[in-house]
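Counting convention: from 1, in listed order, for ligands and their atoms alike. Along the sequence shown, the residues carry numbers beginning at 1.
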Amino acid sequence: MSTSPKLTIKDLRVSIDDREILKGVNLEVKGGEVHAIMGPNGTGKSTLASALMGHPRYEVTGGEVTLDGQDVLEMEVDERARAGLFLAMQYPSEVSGVTNSDFLRSAINAKRGEGNEISLMKFIRQLDEKMALLEMDEKFAHRYLNEGFSGGEKKRNEILQMMMLQPRIAILDEIDSGLDIDALKVVAKGVNSMLSPELGVLIITHYQRLLNYIKPDFVHVFMQGRIVKSGGPELAERLEAEGYDWVKEELGIEDETVGLKA
Ligand SMILES: Nc1ncnc2c1ncn2[C@@H]1O[C@H](COP(=O)(O)OP(=O)(O)OP(=O)(O)O)[C@@H](O)[C@H]1O
Ligand SMILES: [Mg+2]
C-alpha cells in the first residue's frame with residue numbers, strides 16, 4: 001500500500017541562536033532517487049539534516065518542507081519518523097542502559113503504533129537477517145546503543161537502524177566517514193539493498209569514493225547555507241579531483257563558510 005514518496009524543500013531558512021545557517025535551501029527528493037550533497041565543512045549540511053528531522057535546536061525561520069504534500073515543519077519529531085523520515089547521524093549518540101535491540105524494537109513499534117506492534121519472532125528474524133547482511137556480530141544486538149562502538153561500528157549500526165525502520169526518505173549524513181574499505185562496501189551493500197521506488201535517499205558525503213558504491217542520480221554542491229549547483233555523478237568526480245575553488249569562481253562566491261568566518 002505504500003506509495004512513492006516525495007520530499008520537497010522550498011527556500012528553507014534555519015537559524016541557530018539567531019545566526020542564519022540555512023539561507024534558502026531548495027531540493028526535491030523522490031522515491032527511487034539517490035541524491036548526494038557535497039560541500040565544504042561548516043556550510044550547513046548537517047544542519048539541513050537536523051532541521052528536517054525536527055531537532056529543537058534549529059529554528060526554522062522561513063520556507064517550507066513537505067512530504068507527499070503534508071507539512072513536515074508542523075510535525076513533531078515522532079510524527080516525522082512515522083511519516084517515514086530517517087536520519088543516519090554524522091555523530092550517533094551513545095545511550096547507556098538501552099540495548100541496541102530494545103532500542104530498535106521500540107523505534108519500530110513507535111512507528112507502527114499501538115495495537116500494531118511487531119511480534120518478537122518477526123523482529124528477531126528481521127534483525128538477524130539485516131545484521132547478517134551487514135556482517136555484524138550478533139553481540140551488537142545486546143550491547144548498549146552505540147556505547148563503546150568504534151566509529152565504523154556506529155556507522156554500520158545507523159544503517160542497521162535504517163534497514164529495520166524501512167523509511168521512505170533516508171538522510172545519510174557522512175555514513176562513510178571513518179569506515180575502512182571493506183566496511184564501506186558493506187554499508188553500501190546495506191543501502192543498495194534498500195533502494196526501491198518506495199525510498200528516496202539523500203547522502204551527505206565529502207568523498208566521491210562512496211558514490212562509486214552507491215550510485216547517485218543527482219549531485220548537489222552545498223555552500224553558504226544553500227545548494228548552489230546541481231548535476232549528475234560527473235560533478236562529484238570533478239569536485240574530488242579539483243576541490244571547490246572552481247565552483248566558487250564560477251558562481252562568484254568569495255567566502256564559502258558560514259561558520260568559521262561568520
Ligand atoms: N547545535 C549547534 N550549536 C551551535 N552551532 C551549530 C550547531 N549546529 C551547527 N552549528 C553551526 O552551524 C554551522 C553549520 O554546521 P553544520 O554541522 O551544519 O556543517 P556541515 O556542513 O555539516 O559541516 P561538516 O562537513 O564539517 O560536517 C557551523 O558553523 C556550526 O558550528
Ligand atoms: Mg556535517
Check your understanding: Distance from L179 atom CG to R209 atom CZ, nearest 0.5 Å?
Key -> 7.5 Å
Check your understanding: Could you state the interatomic distance from CD1 (I118) to CD1 (I108), rounded to the nearest 0.5 Å?
Key -> 5.0 Å
At less than 4.0 angstrom from any non-hydrogen atom of [X], what atoms of ligand 1 do you find?
X: Q90; answer: 27 (O)
X: R19; answer: 29 (O)
X: H206; answer: 25 (O)
X: E174; answer: 25 (O), 27 (O)
X: T47; answer: 9 (C), 14 (C), 15 (O), 16 (P), 18 (O)

**Study point:** Salt bridge present between K248 and D245 (N-O < 4.0 angstrom)
**Key:**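 Here K248 pairs with D245 in a salt bridge, since their nearest N and O are under 4.0 Å apart.
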Check your understanding: So, are R105 and E117 salt-bridged, with charged N and O less than 4.0 Å apart?
Key ->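 Salt bridge between R105 and E117, a charged N being under 4.0 Å from a carboxylate O: no.
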Review point. If Ile, Leu, Val, Met, Phe, Trp and Tyr residues are connected whenever their side-chain heavy atoms lie under 4.5 Å apart, and connections chain through other members, are I175 and Y91 in the same group?
Key: no
Review point. Within less than 4.0 angstrom of ligand 1, does G44 place any heavy atom?
Key: yes
Practice item. Could you tell me whether E250 atom CD has more than 12 heavy atoms of other residues or ligands within 6.0 Å of it? Key: yes
Review point. Should the heavy atoms of other residues, nucleotides or ligands under 6.0 Å from CZ of F123 be counted, would the total exceed 12?
Key: yes
Study note, to complete from the structure: Note: K45, heavy atoms under 4.0 Å from ligand 1, region reported as both
Check your understanding: Can you tell which part of Y58 has a heavy atom less than 4.0 Å from ligand 1: side chain, backbone, both or neither?
Key ->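 Answer for Y58: side chain.
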Looking only at distance, does [X] have an N or O less than 3.5 Å from an N or O of ligand 1?
X: D17; answer: no
X: I16; answer: no
X: I21; answer: no

Practice item. Check whether any N, O or S atom of Q90 sits under 2.8 Å from the Mg ion (ligand 2). Key: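 So Q90 does bind the Mg ion (ligand 2) by this criterion.
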**Study point:** Backbone or side-chain N/O/S of T47 under 2.8 Å of the Mg ion (ligand 2)
**Key:** no
**Study point:** E135 side chain vs A132 backbone, donor-acceptor pair below 3.5 Å
**Key:**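 Absent.
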Point to revise | Aromatic plane relationship, H35 with F218 - under 30° parallel, 30 to 60° tilted, over 60° perpendicular | key: parallel
